[in-house]
Amino acid sequence: MEPEEQTLPRDAIAESTAGALEIGQRLWALVNEGAELLLRPWNAYQAGIVLAVFVLAALVARPLQKVFHNWLRSREGWPRWRIRAGLVLHKRIRGILFVLLIWTVVLIMQEATWPSRSRLLVVIANLSLAWLIVALATRLVGNPLLRNLVKYGAWTWIALRILGITQDAVHLLDSIAISFGDLRISLFLVVQAVVILGVMLTLARVISSAAGNRIRSNPDISPSMQVLGAKLAQILLFGGAFFIGLKAIGIDLTGLAVLSGAIGVGLGFGLQKVVSNLVSGLIILLDKSIKPGDVISLGDTFGWINALGARYVSVVTRDGREYLIPNEDLITSQVVNWSHSDKYVRLDLRFGTGYGDDPHKVRKIAIEAASAVARVLTSAGKKPVCHVTGFGDSSVDYVLRIWIDDPTGGLTNIRGAVFLALWDAFQAEGISIPFPQREVRMLNDPLPVRVAPADNGG
């Protein structure tokens, strides 16, 4: 039994060694064949022509890039997507010139001599055109790593098709594989997966971006429902692209049932807070309790909502700080929404004047001073009002009530502006603002002695 058990790994090692030798022999044969082709006289001439065309394209591209760049800088008012497209073309001017020049040379060579003497030029022209098209098309991919993988993978596949060695390359990549029981992962499967998934995710990104822009530009949809619709579109499109890509590669999706069960258990135990925030975010979007642009107060945080995320809400304060508040806190805590049903906010400003001042005159002056402040509303139903609230120890107490319609502009600054207007108006009218005054005595100072008047009554 022992010798038989030892023969199996030896056979596996011998088989893998033979496969590696076969791959090496194929690669060496390809290298030799390419070298022989280049050493032929007309192929060497064509290689020299390609080098000369490349140098000419590089020399002509420099001044053209400078002129095109200055022209782009003068295009004020253009949409951002046009500027980006112009920048992409600016970076590819040399490649575009090379493709135009090499195809011009190919057409001239085919008319002037035999087709066999321009075969290498045709191959290089096709390869350069394919590279240019792939490089421009992959600019739609936002992730740089994924963009490079898709770009080089797609161009390599096209190059193999142009050279006519697709089957040999597929067989070579498929022979490099790792087996785990019944599962066999080859290099060809990995390359195929990267390209297909990259293309599918790119299409999903473009479609979701267009759908999100259409949803956000619809005035009939509330801001919270716009965010919800855009998020759902992203989830559905990216999820569908991922599973369609896996199916196109040939991976059996029924095996993901066990994985989904494990994910469910993990969500139930280890991701409670995350799931709670996700569910809370959906509730916030559905019940429309808060929406982008609302001014809210939560604890010591006062600011306006910048964005609604899947896990948190971004709140920007007046001092420029951006707080990322978990969605769960907005569900379980008391939140003051200053602009929930409308954008109007009432502010109460309390002050006092001396007892020697006429309260009727004080009220009139306070209303006129508040109405002169820019952000204070003076329309019907929202005019400033002033009321006497009581008689204090040293002053007559008042409350001045004003309305504003732009709480995102700040509350402290408008209070300060109204108080300054009251100060100026009271100073102009001679109205006093009392303040407590106290007599201070130093310890151990002798008390003043009052001398009684003399009794002259006899």
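Just so it is clear, the model here is predicted, and its values are computed rather than measured. All values below were derived from every heavy atom in this structure, side-chain atoms included, with hydrogens, water molecules and symmetry-related copies excluded.
- With sequence neighbours left out, the side-chain hydrogen bond (donor to acceptor under 3.5 Å, both in side chains) criterion links Asp405 to no other residue.
- In this structure, the side-chain hydrogen bond (donor to acceptor under 3.5 Å, both in side chains) partners of Thr317, at least two apart in sequence or on a different chain, are Asp319.
- When every heavy atom of Asn327 is checked against every heavy atom of Gly281, the shortest pair comes out as ND2-CA, 3.4 Å.
- Ring pair His90/His69 is tilted by interplanar angle, where 30° to 60° counts as tilted.
- Among residues at least two apart or in separate chains, there is no salt bridge (charged side-chain N to carboxylate O under 4.0 Å, His left out) pair with a member in residues 193-203.
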Inset, instruction - Could you go through the side chain to side chain contact (heavy atoms under 4.5 Å, CB included) check for Leu129 and Trp103 one step at a time? - result: CA-CA 9 Å; Leu129 179 60; Trp103 274 108; 4.0 Å; yes
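- The salt bridge (charged side-chain N to carboxylate O under 4.0 Å, His left out) search around Arg401 returns Asp348, not counting sequence neighbours.
- Under the salt bridge (charged side-chain N to carboxylate O under 4.0 Å, His left out) criterion, Asp406 pairs with Arg375, not counting sequence neighbours.
- Scanning for side chain to side chain contact (heavy atoms under 4.5 Å, CB included) contacts around Ile283 gives Val279, Asp287, Ile331, with sequence neighbours left out.
- Under the side chain to side chain contact (heavy atoms under 4.5 Å, CB included) criterion, Ser297 pairs with Phe302, Val336, Trp338, not counting sequence neighbours.
- Remark: Tyr312 OH is loosely packed, at most 12 non-hydrogen atoms of other residues, nucleotides or ligands lying under 6.0 Å away.
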Inset, instruction - Evaluate the side chain to side chain contact (heavy atoms under 4.5 Å, CB included) criterion for residues Arg346 and Ile402: first the C-alpha distance (whole Å), next the side-chain angles of each, then the deciding distance (0.1 Å), finally the verdict. - result: CA-CA 6 Å; Arg346 193 188 76 179; Ile402 61 174; over 6 Å; no
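- A distance of 12.5 Å separates CD1 of Ile367 from OG1 of Thr378, quoted to the nearest 0.5 Å.
- At a threshold of 4.5 Å between non-hydrogen side-chain atoms, the residues Ile290 and Leu330 count as touching.
- Applying the ring pair (Phe, Tyr, Trp, His ring centres under 6.0 Å) test to pairs two or more places apart or on separate chains, none has a residue in residues 401-425.
- Taking every heavy atom of both residues into account, Pro63 and Leu59 meet most closely at CD-O, 3.2 Å.
- With sequence neighbours excluded, the residues forming a side-chain hydrogen bond (donor to acceptor under 3.5 Å, both in side chains) with Ser314 are Glu322, listed by chain and number.
- Residues Arg92 and Leu132 come closest through the heavy atom pair CB-CD1, 4.3 Å.
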Inset, instruction - Step by step, work out the side chain to side chain contact (heavy atoms under 4.5 Å, CB included) result for Tyr344 and Ile404. - result: CA-CA 6 Å; Tyr344 299 107; Ile404 62 174; over 6 Å; no
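- Of all heavy-atom pairs spanning Pro384 and Leu377, the tightest one is CD-O, 3.5 Å.
- Residues forming a side-chain hydrogen bond (donor to acceptor under 3.5 Å, both in side chains) with Asn126 (at least two apart in sequence, or on another chain): none.
- Taking each heavy atom of Ala57 and Leu97 in turn, the nearest pair found is O-CD1, 3.9 Å.
- Applying the 6.0 Å contact sphere to CG of Asn70 captures more than 12 heavy atoms from other residues, nucleotides or ligands.
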May I have the list of side-chain donor-acceptor pairs in residues 304-311 shorter than 3.5 Å, sequence neighbours left out?
none

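- The line from CD1 of Ile124 to CH2 of Trp131 is 15.5 Å long, rounded to the nearest 0.5 Å.
- Heavy-atom contacts from other residues, nucleotides or ligands closer than 6.0 Å to NZ of Lys383 number 12 or fewer.
- The two residues Ile102 and Ser128 come nearest to each other via the heavy atoms CG2-OG, 4.0 Å.
- Residues Leu87 and Phe68 fail the side-chain proximity criterion, which asks for heavy atoms closer than 4.5 Å.
- In this structure, the side chain to side chain contact (heavy atoms under 4.5 Å, CB included) partners of Ala369, at least two apart in sequence or on a different chain, are Ala421, Leu422, Ala425.
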Inset, instruction - Mind running side chain to side chain contact (heavy atoms under 4.5 Å, CB included) on Leu298 and Ser333 for me, showing each step along the way? - result: CA-CA 8 Å; Leu298 179 63; Ser333 302; 3.8 Å; yes
